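The first residue of the sequence shown is numbered 1, and numbering continues consecutively from there. Only heavy atoms go into these numbers, but all of them, side chains included; no hydrogens, no water, no symmetry mates. Nothing here was measured: the structure is a model prediction, and the numbers come from that model.
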Amino acid sequence: MAATIAPKRFSFEPEEHAAELDAIIGAIESASRFEERDLDELLRRHPKNGRGFFSKSELIRGYRALRPGAAGEQAFVDRVRMKPVRTRSGVAPVTVLTKPFPCPGRCIFCPSDVRMPKSYLSSEPGAQRAAEHQFDPYRQTLARLRSFRHTGHPIDKVELIVLGGTWSSYPEGYQVWFILRCLQAMNEFFDVSSEPATDPLLTFAPAVDFRQLEEIVEGAEIETSDAAAGRGYNQVVSDWTAAHPRAAAEAREQNADWADLLAAHRENETSPIRCVGLSLETRPDRLDAAEALRMRRLGATKVQIGIQSMDDDVLTLNGRGHDTARSRRAVRLLRQAGFKIQAHWMPNLHGSTPAKDREDFDRLFSDPDLRPDELKVYPCSLIESAELMAYYRRGDWRPYDGGELLDVLVHSLGGAPRYCRLTRVIRDIPGTDIVTGNRTTNLRQVAEAEASARGVRCRDIRAREVGGRPVDPGRLRLRRTDYEASGGRETFLEFVTARDRIAGFLRLRLPGPAGTDGISLPELANRAIIREVHVYGAVVGLGERGEGRSQHVGLGRRLIAEALAIAAGAGFEQVAVISSVGTREYYRRLGFEDGELYQHRSAREPLEAPS
């Protein structure tokens with residue numbers, strides 16, 4: 001077996017560069033105006049070790065070491081911060097990946113990189129980070145938090161995004177352990193250890209390191225209709241894992257019980273770093289009432305679900321393994337349980353056409369059993385390890401040309417309703433992995449420019465987010481959108497500016513009569529459900545207030561007050577909220593009481609004035 005690959009180690013001691021750092025920091029602090037070109041000039045004037053440039057993260061670490069506890073830290077960080085857009089949506093997103101594991105699906109379009117969880121590629125940046133940490137959830141979470149902090153981003157409000165194959169196919173003990181370890185990384189967070197020998201990111205323990213797996217799946221050799229001419233993903237991953245000398249011990253270690261997780265939940269409620277959202281991903285055919293409740297018990301508030309198409313013939317041709325009825329039922333279960341729903345949809349699948357795709361996209365929002373809250377559009381890309389290679393070589397499938405794909409994406413951008421967030425319109429696959437087809441990395445930007453040129457208006461949430469712009473709460477207007485969905489009524493409340501920029505929103509569900517395929521949960525009986533409250537603006541630390549920033553001007557409270565009034569007007573006495581672990585304290589202050597999986601309050605009792 002190949003030698004174990006040790007983690008990378010980086011070392012930067014600010015005290016060793018005190019003179020240069022102090023000069024740079026002083027110049028930044030004293031400047032009346034400061035722009036990127038000013039920083040470039042400073043870095044050239046005060047080089048690192050006489051020849052190199054200090055990184056922005058090193059400048060921030062230097063400030064914290066040389067000016068510990070200084071009142072001007074945030075102002076300094078704001079001037080040098082990298083990629084502020086990452087936390088502009090209101091939370092700091094921390095993405096972690098589960099380990100490679102057999103997948104229940106047989107989709108012909110799915111990559112089969114055996115070093116990754118199914119459908120992910122080892123060349124993707126997030127996947128590389130996960131592999132470097134051997135898919136350990138604690139190390140992945142800690143490393144991402146440190147990265148955010150070192151580049152000046154507040155990290156006390158985190159959305160934990162768990163990716164990797166089909167979450168619902170992993171053993172329950174592994175699921176519990178994985179979320180537990182992510183929360184423990186938040187609860188125990190420390191920056192750079194003074195004892196490298198005990199730092200989790202610098203110490204190394206033997207593990208099942210999938211980077212050592214050298215076998216490659218040849219997609220063109222696999223046929224779902226046959227007994228697999230070549231070795232497929234599941235067989236390779238299962239055989240290699242079973243043969244690994246650490247496999248049995250690791251399986252025992254990667255297991256936890258619910259009591260430990262619930263204890264971590266309680267600790268995170270008041271932790272300096274709180275989990276304010278937890279997203280999991282699964283397939284429609286793996287989701288039933290029991291699975292939805294298990295996800296909720298883990299603390300999940302959002303579920304990513306791979307719908308891919310609403311055409312049964314296309315689903316069959318692509319070996320998807322479920323039909324559109326199963327997708328509708330899965331969405332209904334999730335909505336009845338209060339989850340936020342992020343659907344995945346794929347144009348250019350085998351058997352489809354640009355015209356069919358435009359019709360299919362429209363069905364996502366015309367069908368009341370769908371209407372997702374968020375949508376990721378992933379045009380089908382040809383990857384060599386996917387079975388689709390065989391279809392391409394036979395001439396049974398081809399990628400859309402640039403104009404065809406652009407037409408579908410412009411249609412999607414213009415067709416997404418204002419209550420939906422079009423999170424992505426292309427998957428971030430490195431061009432070197434794409435055999436043929438689109439390799440334009442900024443395709444969304446190209447599509448948005450084309451939509452504008454055609455006079456197509458984008459109304460989805462992402463297109464209208466206020467971002468880091470200053471907000472005058474006195475000039476915001478409350479707008480309400482009602483629509484039918486999954487046997488009930490949805491109310492989308494949003495505070496918007498005069499230019500229709502969205503500063504905050506709330507999703508309220510007014511359930512109808514329970515259907516035969518509904519979720520049986522007495523805790524939600526006869527209750528309206530607040531499924532999401534989100535206020536935009538650059539992240540403000542817990543307890544801090546930022547002038548002009550929408551997160552701390554009471555928008556959330558005002559939205560909740562309006563939702564309570566709507567629920568009471570519709571005849572509901574009680575309102576439940578699918579709160580995340582890290583927002584429970586916030587809702588308690590608003591009069592919500594803890595239930596088993598949700599928090600509840602009277603719809604008719606007014607909110608107390610903020611203290």
Side-chain angles (χ1 to χ4, degrees), residues 3-14 55 57-58 60-61 64-65 92-100 115-117 125-151 153-164 170 173-212 244 246-247 249-257 260-261 263-265 267-268 271-275 278 298-299 581-582:
T4 299
I5 303 172
K8 297 177 182 177
R9 301 190 178 203
F10 301 95
S11 177
F12 175 72
E13 298 297 335
S55 69
S57 63
E58 288 172 341
I60 293 170
R61 286 182 62 185
R64 289 168 176 160
V94 172
T95 300
V96 293
L97 268 70
T98 53
K99 66 181 180 181
R115 296 165 293 177
M116 288 289 127
Q128 289 178 344
R129 291 193 297 265
E132 180 181 336
H133 297 296
Q134 298 172 336
F135 301 99
D136 181 277
Y138 189 101
R139 290 172 57 185
Q140 289 184 72
T141 304
L142 178 60
R144 206 70 188 121
L145 291 173
R146 284 184 179 177
S147 177
F148 275 129
R149 176 167 165 75
H150 292 170
T151 50
H153 298 274
I155 58 173
D156 46 3
K157 290 183 288 186
V158 168
E159 180 185 13
L160 181 64
I161 303 168
V162 181
L163 302 179
Y170 287 82
Y174 177 84
Q175 294 181 10
V176 175
W177 170 80
F178 196 94
I179 302 302
L180 168 66
R181 293 298 287 157
C182 290
L183 289 174
Q184 287 175 334
M186 296 182 208
N187 295 341
E188 301 168 3
F189 176 79
F190 60 97
D191 201 341
V192 179
S193 174
S194 59
E195 297 292 337
T198 62
D199 192 315
L201 300 189
L202 298 180
T203 55
F204 177 75
V208 179
D209 192 337
F210 285 89
R211 290 174 296 178
Q212 299 173 356
H244 197 286
R246 277 283 301 162
E250 193 166 277
R252 291 191 298 270
E253 295 163 1
Q254 294 178 352
N255 185 71
D257 58 40
D260 291 334
L261 178 60
H265 279 182
E267 183 176 352
N268 191 256
S271 171
I273 300 175
R274 299 181 195 175
C275 182
L278 169 58
L298 289 166
V581 174

Who pairs with R129 by salt bridge (Lys or Arg N to Asp or Glu O under 4.0 Å), at least two apart in sequence or on another chain? none
Go through the structure and list residues passing side-chain hydrogen bond (donor to acceptor under 3.5 Å, both in side chains) with E253, not counting sequence neighbours. R246
Using the test side chain to side chain contact (heavy atoms under 4.5 Å, CB included), find all partners of A247 that sit at least two apart in sequence or belong to another chain. T241, H244
Only one of L160, I161, I155, L142 forms a side-chain contact (heavy atoms from CB on, under 4.5 Å) with V94, so which one is it? L160
Ignoring hydrogens, what is the shortest heavy-atom contact between A264 and L180? Give both atom names and the distance. CB-CD1, 3.6 Å
Taking side-chain hydrogen bond (donor to acceptor under 3.5 Å, both in side chains) as the definition, give me every residue that meets it alongside R115, ordered by chain and number, with sequence neighbours left out. D113, S122
Interatomic spacing from NE2 in H265 to CG in L278 - rounded to 0.5 Å: 7.5 Å
What is the distance from atom CZ of R144 to atom CZ of R149, rounded to the nearest 0.5 Å? 16.0 Å
Which value, rounded to the nearest 0.5 Å, describes the distance between T98 atom OG1 and M116 atom CE? 10.5 Å
So, the side chain of D257 versus the backbone of D260: is there a donor-acceptor pair under 3.5 Å, distance only? yes
Contacts of E267 that satisfy side-chain hydrogen bond (donor to acceptor under 3.5 Å, both in side chains) - sequence neighbours left out: none
CG-CZ distance between L183 and R274, expressed to the nearest 0.5 angstrom: 13.5 Å
Worked verdict on F190 versus D199 for side chain to side chain contact (heavy atoms under 4.5 Å, CB included): CA-CA 9 Å; F190 60 97; D199 192 315; 4.1 Å; yes
Exercise: identify the closest heavy-atom pair between L97 and G126: CD1-O, 4.4 Å
CD of Q134 to NZ of K99, rounded to nearest 0.5 Å, is 12.5 Å
Under the ring-ring contact (aromatic ring centres under 6.0 Å, His included) test, which residues partner Y174, sequence neighbours left out? Y170, W177, F178
Which pair of heavy atoms, one from V96 and one from C182, lies closest together, and at what distance? CG2-SG, 4.1 Å
Rounded to the nearest 0.5 Å, how far does CG of N268 lie from SG of C275? 6.0 Å
Main chain of S147, side chain of T151: is a donor-acceptor contact present, judged purely on distance under 3.5 Å? yes
Only one of H133, E132, R181 passes side-chain contact (heavy atoms from CB on, under 4.5 Å) with R139; say which it is. H133
Would you indicate whether the side-chain heavy atoms of P117 and F210 approach each other to under 4.5 Å? no
